[in-house]
Structures are given as structure tokens and as C-alpha cells.
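Every chain is numbered from 1 and lettered A, B, ... according to where its sequence line falls, protein lines coming before strand lines. What you see below is based on every heavy atom in this structure, not just the backbone, and it leaves out hydrogens, waters and symmetry mates. All figures in this text were calculated on a predicted structure; none of them were measured in a lab.
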There are 2 protein chains.
Amino acid sequence: MQIEPLPRQRRKEARPAEIIEAALLLFHQKGYSATKLDDIARFAGVTKGTVYLYFSSKEALFKAAILETIQPNLDRIEEAVMSSQASATQRLKTAMSSWASSMNECKGSITKLMIAEAGNFPELSDFYIETVVKRSRKLLIHLIQAGIDSGEFRPIDADMLARTIFSPILLTSIWRHTYAKLDPITYSLNQLSDFHLDIIFNGIALSEQS
Amino acid sequence: MQIEPLPRQRRKEARPAEIIEAALLLFHQKGYSATKLDDIARFAGVTKGTVYLYFSSKEALFKAAILETIQPNLDRIEEAVMSSQASATQRLKTAMSSWASSMNECKGSITKLMIAEAGNFPELSDFYIETVVKRSRKLLIHLIQAGIDSGEFRPIDADMLARTIFSPILLTSIWRHTYAKLDPITYSLNQLSDFHLDIIFNGIALSEQS
DNA sequence: ATTTAATAACTAACCAGTCAGTTATTAAAT
DNA sequence: ATTTAATAACTGACTGGTTAGTTATTAAAT
């Protein structure tokens with residue numbers, strides 16, 4: 001059985017996005033080094049030569065894939081949350097809900113990729129940490145501090161709490177992208193986030209324990 | 001300037017452990033594919049040929065590194081926690097403290113490695129999930145259920161809570177092993193775990209919100 | 001002297017990146 | 001309308017560097 005090559009097509013506009021999508025999928029599945037450019041090209045329905053028409057190197061393709069995916073999500077959440085006039089509690093819930101939703105699509109994949117390849121792309125890691133991670137954390141810390149100031153929350157280390165609040169959905173997102181078959185997670189990131197926030201606000205103890 | 005080769009030594013017993021240690025460090029830093037066997041060998045103070053005296057392939061070395069590192073930690077915690085007669089609250093604190101400590105040494109590195117390479121080593125991932133992850137989670141769920149049964153905790157989804165409780169130290173451990181310089185975390189895993197558990201038990205709300 | 005741990009030079013395969021050639025598409029000319 | 005010429009998107013065979021794995025040789029240890 002012979003694979004019949006599809007008829008050649010010229011689609012200059014669609015190629016880069018298709019190649020990036022293929023690259024993201026394979027990088028995520030196998031890691032950067034283990035992913036062959038031939039595979040990416042085949043997956044995108046082109047040949048390796050075409051990839052090099054649009055991206056100067058494998059590394060450039062990797063960086064483009066990361067940036068193109070993150071960029072669109074960056075501003076949306078921040079604006080949605082900062083414009084609200086509700087209580088800190090409510091705004092925290094809204095923010096986490098937005099994050100949980102966006103993680104479902106692509107961000108989890110990116111997070112995993114960045115962790116796996118951080119050692120090989122230090123400059124890209126730097127960009128990611130500064131532009132995505134610290135910016136997100138700053139937003140969370142702001143909301144937590146607002147809650148403390150308004151008397152909604154007891155005084156507490158806001159940086160520590162921000163990291164704590166984020167951890168479950170971030171790790172679960174990575175987890176689901178990694179061990180979907182071996183360790184399936186039945187509930188959604190939104191459910192998990194709601195569950196965690198409810199506990200954070202109210203605790204689980206029936207009587208006082210300290 | 002010429003590098004003077006060290007005098008040859010015959011240390012049959014020490015070699016495997018040294019090679020595994022070097023491999024773990026480099027796999028963790030650069031990922032499996034990007035790590036060269038020559039580098040591992042040089043780091044371990046031997047040459048590539050010597051590596052092949054003790055490990056049949058790069059993949060075998062990778063698996064050995066994972067297993068040798070996990071195995072010793074596996075039984076210790078479970079026994080320490082299960083033998084206790086204290087309250088569920090106290091046992092949960094003890095268990096998480098033990099986990100946090102063990103993560104500091106090596107487990108964080110393993111967790112990150114497994115996530116990064118899961119796609120390339122499905123059988124190893126299966127072993128890891130079944131032997132390490134599910135076993136740990138089962139222990140946590142057991143303690144949580146004991147707390148619910150004893151009236152210490154309000155009724156709650158134990159599986160969800162187990163994942164939630166674990167997330168911060170797991171993610172922070174991965175994070176620290178990945179972004180130590182770019183996004184340093186000032187407090188210890190034990191501090192973070194204590195902080196999170198305190199909130200889980202008591203919440204942060206000053207007045208009732210729900 | 002014999003054994004064997006360790007070496008270092010070697011091989012074979014793989015893969016990122018190149019480029020000469022092919023074909024789809026556009027448009028000018030008839 | 002049809003043919004023809006020009007353009008540029010796309011291909012796939014090739015190459016050079018790299019690296020997992022092998023083996024003939026060396027030297028440490030008994």
C-alpha cells in the first residue's frame with residue numbers, strides 16, 4: 001500500500017498557523033528534542049522545506065508556537081477582572097474561573113512545555129516568567145490584598161496564598177495534558193477551582209482545631 | 001592548555017550510583033533527548049564505554065535513574081503515617097510534612113522528569129502513576145475520610161481534596177527545580193505545606209461568605 | 001601471569017538544514 | 001477564450017554534523 005501524495009496547494013496565509021498548531025501538538029507530546037521537523041511538516045500537510053519558508057529554524061518555530069499561543073490570552077483576563085467593582089471574594093472567584101477556562105484550551109500545554117524545556121531556552125523562559133507568570137501573580141496578590149484591606153480576609157501572606165490558590169488548576173492542567181489516559185481526572189478545572197476557593201474561604205474544620 | 005586525564009580507577013561498586021546521579025542531574029536539567037551520553041559519562045568521571053558496562057542503553061539508564069530514586073522513599077512515609085494513632089488532622093499534617101521534606105531532595109526532580117518525558121516512556125509512566133501517584137493519593141484519601149468519619153472535617157469530596165492538598169507542594173517543587181533563578185521561592189516546601197493546611201482547616205474568611 | 005574494569009577510537013544511523021527542481025497560480029499577449 | 005510567459009509556493013533528495021552504541025586495546029588489581 002502506497003501513500004498517495006495529496007495534490008499540491010498554494011496557501012501562503014494558512015500555512016504558518018497550521019505548522020504552529022502541528023508543532024505545538026508534537027512538542028507537547030514528545031518534547032522539543034524528540035520531535036522531528038519531518039513529523040511536524042507531515043502533520044501540517046506540507047514537507048520540511050515548506051516549514052523553512054516560514055520559520056528560520058526549529059528553535060524559531062518553537063518560540064513562535066509559544067508566543068502566538070500565549071499572546072492572545074494575556075490581556076483578556078486582566079481587563080475583565082480589574083474592571084469589576086464587586087467584592088474581593090467575588091473578584092477572586094471570577095479571576096480564577098477565567099483562568100480555569102483558559103487553561104482548558106491551550107495554556108496547560110504551554111505551561112508543561114515551558115517547564116520541560118526551560119533549561120534549553122533560558123531567554124524564552126525569562127520572557128514567560130516575566131510576562132505571563134509574574135503578571136498573573138501580581139493580579140492575584142492585588143485581589144488578595146484588597147480582601148485583607150476590606151476586612152473580608154484575615155491578614156495572611158498574599159504572595160504565598162497567590163501561589164497556593166493557583167497551584168491546583170495549574171498542576172491539574174499539566175497533569176491532564178500528561179496523564180490523561182493513565183490517571184484521568186473526572187471533574188473540570190472550573191469545578192476544581194470552585195472547590196478549592198470554597199475551602200480557602202471557609203476551611204473544612206467543623207470545630208476549632210488550629 | 002590540555003586537560004590532564006585522571007589516572008584510571010577500578011571501582012566496580014561505586015560506578016552505577018555515580019552514573020545514575022549524573023544522569024538524573026543532566027536529564028533533569030536538559031531533558032532526556034537533549035542529554036548526551038558522553039556528557040553523563042564525563043560528569044560521572046568515566047567514559048561512555050564504562051556507562052555501557054553497567055547499563056544496556058540510554059533508555060535503561062533513564063529507567064534505572066527513575067526507579068532507584070523513587071524506590072527508597074516509597075515505603076518510608078506510608079509506614080510512618082499509618083502507624084500513628086493521632087487525630088486525622090494531626091496525621092494529615094505529619095504526612096504532608098514528610099512529603100514536603102522528601103520533595104526537597106529528589107522527588108521534585110523525578111516529578112518534573114516524568115511529566116516532561118511521559119509521552120516518550122508510556123510503560124514507565126504507567127508504573128509511576130500506579131506505584132507512586134495512586135498509592136500516595138490513596139493514603140491521603142484514607143486520612144481525609146478518617147477525618148470526615150470522626151467528625152473533624154465537614155463532608156467533602158476526598159479525592160478532590162487529596163489532589164488539591166498535594167498540588168501546591170508538587171507544583172512548587174517542580175517550579176523550584178525549573179525556575180530557581182528566574183522566579184525564586186523564598187520559603188520552604190514545609191512552610192508552604194503548613195500554610196496551605198492551616199487554610200484548608202480554617203479558611204481565610206473573617207465573616208461567613210459562602 | 002591472568003583477569004577484567006575502563007578507555008578511546010570507531011561505526012552507523014539519524015536528523016536539522018539546504019537547494020535545485022517542480023508545479024500551481026497569475027497575468028500578459030494573442 | 002486560449003495560449004504563453006513569469007512568478008513564487010512547494011517539494012524531496014542530499015549533506016554535514018552529531019550521537020547512541022561497539023570493540024580493540026590498555027592498565028589496574030590480584
> B:Thr47 has a side chain; which of D:dC10, C:dA5, C:dA8 sits nearest to it?
Replying inline: C:dA8

>> Using the side-chain heavy atoms of B:Lys12, tell me which of these nucleotides is nearest: C:dA5, C:dT7, D:dC10.
In response: C:dA5

In whole angstroms, how far is the [atom2] atom of [N] from the [atom1] atom of [X]?
X       : N      : atom1 : atom2 : result
B:Leu61 : D:dT19 : CG    : P     : 17 Å
B:Phe55 : D:dA20 : CZ    : P     : 15 Å
B:Arg42 : C:dA6  : CZ    : P     : 19 Å

> Is the shortest heavy-atom distance from the side chain of A:Ser84 to the side chain of A:Thr94 under 4.5 Å?
Replying inline: no

>> Strictly by ring-ring contact (aromatic ring centres under 6.0 Å, His included), give each pair with a member in residues 76-95 of chain A just once, sequence neighbours left out.
In response: none

Residues forming a ring pair (Phe, Tyr, Trp, His ring centres under 6.0 Å) with [X], sequence neighbours excluded:
X        : result
B:Tyr179 : B:Trp175
A:Phe62  : A:Phe27, A:Tyr32, A:Phe121
B:Phe166 : B:Trp99

>> Tell me which pairs pass side-chain hydrogen bond (donor to acceptor under 3.5 Å, both in side chains) where either residue lies in residues 59-68 of chain B, with sequence neighbours left out.
In response: B:Glu59-B:Lys63, B:Lys63-B:Glu123

>> For a quick check of understanding: with a heavy-atom distance under 4.0 Å over all strands, which category does B:Tyr54 fall into, base, sugar-phosphate or nothing?
In response: sugar-phosphate

>> Show every salt bridge (Lys or Arg N to Asp or Glu O under 4.0 Å) that has at least one partner inside residues 19-30 of chain A, sequence neighbours left out.
In response: none

> Applying salt bridge (Lys or Arg N to Asp or Glu O under 4.0 Å), which residue pairs with at least one partner in residues 161-177 of chain B are found, sequence neighbours left out?
Replying inline: A:Asp183-B:Arg163, B:Asp159-B:Arg163

> If every non-hydrogen atom of B:Asp157 is compared with every non-hydrogen atom of B:Met160, which pair is closest and at what distance?
Replying inline: OD1-N, 2.9 Å

> For nucleotides 24-30 of chain D, read 5' to 3', which letter fits each nucleotide if B means a protein heavy atom sits under 4.0 Å from the base, S means only the sugar-phosphate is that close, and - means neither?
Replying inline: --BSBS-

> For nucleotides 10-18 of chain C, read 5' to 3', which letter fits each nucleotide if B means a protein heavy atom sits under 4.0 Å from the base, S means only the sugar-phosphate is that close, and - means neither?
Replying inline: -----SBBB

>> Stem list for DNA chain D, please, built from Watson-Crick and G-U wobble pairs under 3.5 Å and keeping only runs of at least 3.
In response: C:1-30 with D:1-30

>> Counting only side-chain nitrogens and oxygens, does B:Arg15 get under 4.0 Å of the OP1 or OP2 atom of C:dA5?
In response: no

>> Quick check on D:dC10: is either OP1 or OP2 less than 4.0 Å from any side-chain nitrogen or oxygen of A:Thr50?
In response: no

> Who passes salt bridge (charged side-chain N to carboxylate O under 4.0 Å, His left out) against B:Asp126, sequence neighbours left out?
Replying inline: none

> A:Ala95: what forms a side chain to side chain contact (heavy atoms under 4.5 Å, CB included) with it, not counting sequence neighbours?
Replying inline: A:Val81, A:Leu143

